[in-house]
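A quick write-up on the structure given underneath.
The chain is numbered in sequence order, starting from 1. Nothing here was measured: the structure is a model prediction, and the numbers come from that model.
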Amino acid sequence: MNEIIKAIRATLVLWILVAVIYPFGILAIAKLPFLSNQANGSLILNAQGQIVGSALIGQPFTSDKYFNSRPSTTNYSTANPQKDDAGILKTGVSGASNLAPSNPDLLNRIKGKSDPDPSKAIAGDITRLQTAGIKPTADLIYTSGSSLDPHITPEAAKAQIQKVALARKVEPSKLETLIQQNTDRRFLGIFGEDGVNVLKLNLALDSL
C-alpha cells in the first residue's frame, strides 16, 4: 500500500512540475519585454504598423525592384488550399524536395530544358539569373532544408545590386549600405554564417 501511495505522490509531483509549473514558467519568461517579439513569432511591421511577415519565414520576391529570395519547394507556403494544382500542400508546407543531385527534375529546374513544344520548355534558374544580370550563387539556385529560409548570403545580395539599382534608379552604394544594415551576424560570432534577411532588406529598400 505504501508503494502505491509513493507512486501516486511521485506522479502528482511530476505532473505539477512538467504540466503546470514548467509551461507557465516558460510563458512568463516569454512575456518579458525583451523576449515578447520572439515569443509572438518575430513578426515584422511595415511603416504603417501592419504585419507583413515574420523574420523567421521567407517570402517570394520576383520583381526587379526587389532583392530575390532563394528558391522554395513550397513557394514559401503561399499556395491556395482550394487551388493547389501543383500539389504543394499535399505533404505539408515546409520541407526539402529530397531530390538527389543527379535527379533530372532538379537539374532541369537549375539548368533548364529545351523542348520543341515551348510550353514544355524550362528556362532554368541559372539562365534566369544570368538574364537578369545576376551572378548565380548556391543559395540563389538551391532551396534550403526547410524551404522557408528567410536569409541569403551577403554575396547573393550583393550579386543583385546592379539589377535593383537599375530598376529603382538609385546609387549602388546605398544598396550596399542597406545590405550591411540588414545582415544578421554569426551567433556569438562563431556559430553559423552571416545572412541577409530578404524581407527586412526589401522593407528597408521601400523606405528609401
Side-chain angles (χ1 to χ4, degrees), residues 37-44 51-64 66-115 119-160 163-164 179 182-203 205:
N37 181 55
Q38 292 91 326
N40 290 314
S42 299
L43 300 179
I44 297 178
I51 297 174
V52 294
S54 167
L56 306 176
I57 304 295
Q59 293 187 20
F61 291 94
T62 56
S63 170
D64 288 343
Y66 291 103
F67 287 88
N68 292 6
S69 305
R70 66 187 303 169
S72 169
T73 57
T74 61
N75 197 27
Y76 292 105
S77 303
T78 58
N80 184 346
Q82 278 71 46
K83 193 177 180 182
D84 187 20
D85 298 331
I88 292 172
L89 299 178
K90 285 182 178 179
T91 56
V93 295
S94 174
S97 65
N98 292 329
L99 298 178
S102 59
N103 191 296
D105 290 338
L106 180 62
L107 295 175
N108 290 340
R109 179 181 67 77
I110 294 174
K111 296 182 178 181
K113 177 185 177 183
S114 59
D115 193 282
S119 63
K120 296 181 181 179
I122 302 174
D125 287 339
I126 290 180
T127 302
R128 176 181 58 81
L129 292 170
Q130 291 175 338
T131 301
I134 301 172
K135 179 183 177 181
T137 62
D139 51 326
L140 292 178
I141 295 175
Y142 297 108
T143 63
S144 64
S146 67
S147 191
L148 303 177
D149 196 334
H151 294 89
I152 57 177
T153 62
E155 291 73 24
K158 291 175 182 177
Q160 302 181 59
K163 178 202 72 167
V164 177
I179 290 173
N182 291 277
T183 297
D184 296 329
R185 304 299 177 184
R186 292 181 175 184
F187 181 63
L188 299 180
I190 56 175
F191 297 108
E193 298 293 338
D194 293 348
V196 180
N197 190 298
V198 180
L199 176 57
K200 290 182 178 179
L201 177 59
N202 285 332
L203 285 175
L205 188 59

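The two residues Phe67 and Phe61 come nearest to each other via the heavy atoms O-CB, 3.4 Å. Residue Ile134 comes nearest to Leu140 through the heavy atom pair CG2-CD1, 3.9 Å, listed as atom of the first residue, atom of the second, then distance. Ser144 and Ala96 get closest at one heavy-atom pair: O-CB, 4.2 Å. Leu199 approaches Gly53 most closely through the heavy-atom pair CD2-CA, 3.9 Å. The shortest heavy-atom contact between Pro71 and Asp125 is CG-OD2, 4.1 Å. Between Val196 and Ile179, the shortest heavy-atom contact is CG2-CG2, 4.0 Å.
A distance of 9.5 Å separates CG in Leu201 from OG in Ser69, rounded to the nearest 0.5 Å. Residue Asp105 holds its CG atom at 5.0 Å from CG of Asn103, rounded to the nearest 0.5 Å. Rounded to the nearest 0.5 Å, atoms CG (Asn68) and CG (Asp139) are 11.5 Å apart. Here the CG-CG distance, from Asp149 to Leu56, works out to 10.5 Å after rounding to the nearest 0.5 Å. Note that the OH atom of Tyr142 and the CG atom of Leu106 stand 6.5 Å from one another [nearest 0.5 Å].
At a cut-off of 3.5 Å, with distance as the only test, no side-chain donor of Ser72 or Thr143 sits close to an acceptor on the other residue.
Arg109 places a side-chain N or O within donor-acceptor distance of the main-chain N or O of Ile141, the cut-off being under 3.5 Å.
Residue pairs meeting the side-chain hydrogen bond (donor to acceptor under 3.5 Å, both in side chains) criterion with at least one partner in residues 52-64, sequence neighbours excluded, are absent. Residue pairs meeting the side-chain hydrogen bond (donor to acceptor under 3.5 Å, both in side chains) criterion with at least one partner in residues 182-193, sequence neighbours excluded, are His151-Asp184, Arg185-Asp194, Arg186-Glu193.
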Evaluation steps, side-chain contact (heavy atoms from CB on, under 4.5 Å), between Gln160 and Val198: CA-CA 12 Å; Gln160 302 181 59; Val198 180; over 6 Å; no
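Atom NZ of Lys163 sits in a crowded spot, with more than 12 heavy atoms from other residues, nucleotides or ligands closer than 6.0 Å.
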